[in-house]
Amino acid sequence: MSALIELFLCRTDNFGVLVHDTDTGRTAAIDAPEVEAIEAALTRRGWRLTDILVTHHHEDHVAGIESLKASYGCRVVAAKADAHRIPAVDETVEEGGSVSVGTLTAGIIDTPGHTVGHISYHFPEQKLLFAADTLFSLGCGRLFEGTPAQMWTSLLKLRALPDDTALYCGHEYTLSNARFAVTVDPTNEDLAKRAKEVEAQRAEHEFTLPVLLGAEKRENPFLRADAPAVAKAVGLEGADAATVFAELRERKNNF
Ligand SMILES: [Zn+2]
């Protein structure tokens with residue numbers, strides 16, 4: 001029941017990630033941004049791809065599915081709501097359901113906002129969360145299809161998971177997120193410290209992920225839209241959290 005993780009860059013700033021079940025050898029890719037990078041990661045670890053767990057339909061998350069399925073015969077799992085616009089889906093899942101990769105089991109969390117069919121995969125036993133383009137470290141996804149209220153509700157579901165959960169995201173966006181975050185949560189000392197660490201990590205070309213969800217709860221302004229300090233910083237003292245969240249997202253779009 002233990003997992004090994006391989007995290008690597010794909011395309012320009014997409015993360016690829018493999019989740020390997022040490023008991024059965026089954027190996028899942030979370031999304032399929034790029035065939036070559038995924039195959040190189042499989043070769044590096046000596047793993048064989050058995051599953052692709054898709055989070056949402058965007059091209060930079062599904063581009064490699066058909067080619068990988070042709071090479072490995074792997075199973076493709078995706079949200080029922082999005083199956084019509086994701087290639088080669090074998091199995092659909094919904095909120096409250098689960099999917100197993102050998103002895104590892106992920107719960108499905110519906111996280112609309114970035115797209116309406118976006119799902120996140122949570123492995124409670126292994127304390128792993130794959131949130132793709134819903135929750136980024138110190139940021140969140142753009143609202144291409146959903147409303148701010150929808151995204152805020154999605155983020156609250158992820159915020160409810162245990163602090164010692166390791167968060168994996170769809171992109172290495174943490175540096176630009178950190179530079180924005182300090183402008184809307186200027187009195188947050190944990191955030192200020194983290195922003196410095198992120199600057200140093202990226203200067204060395206190190207990945208900023210995974211990160212513990214507990215740290216994100218303290219430092220990510222998009223998870224703190226209901227914190228009085230954040231509301232005050234954006235001039236919305238006393239406003240409801242979804243309104244503050246919408247303002248944060250709008251400011252980030254224009255940052
Ligand atoms: Zn996306």
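We're numbering straight along the sequence, starting at 1. When a ligand or atom number is given, it counts from 1 through the structure's own listing order.
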Q: Ignoring hydrogens and angles, tell me if any N or O in the side chain of S154 forms a donor-acceptor pair with the backbone of Q150 under 3.5 Å.
A: yes
Q. In chain order, what residues pass the side chain to side chain contact (heavy atoms under 4.5 Å, CB included) check against P124, with sequence neighbours excluded?
A. H122
Q. Is a side-chain donor or acceptor of R11 paired with a backbone partner of P33 at a separation under 3.5 angstrom?
A. yes
(Q) Distance alone, cut at 3.5 Å: any donor-acceptor contact between the side chains of T50 and T27? (A) no
**Q.** Protein N, O or S atoms lying under 2.8 Å from the Zn ion (ligand 1), listed by chain and number
**A.** H56 NE2, H58 ND1, H114 NE2, D133 OD2
**Q.** For V211, all residues meeting side chain to side chain contact (heavy atoms under 4.5 Å, CB included), sequence neighbours excluded
**A.** S137, L167, R194, L209, A215, E216
Q: With sequence neighbours excluded, tell me which residues meet side chain to side chain contact (heavy atoms under 4.5 Å, CB included) with A192.
A: none
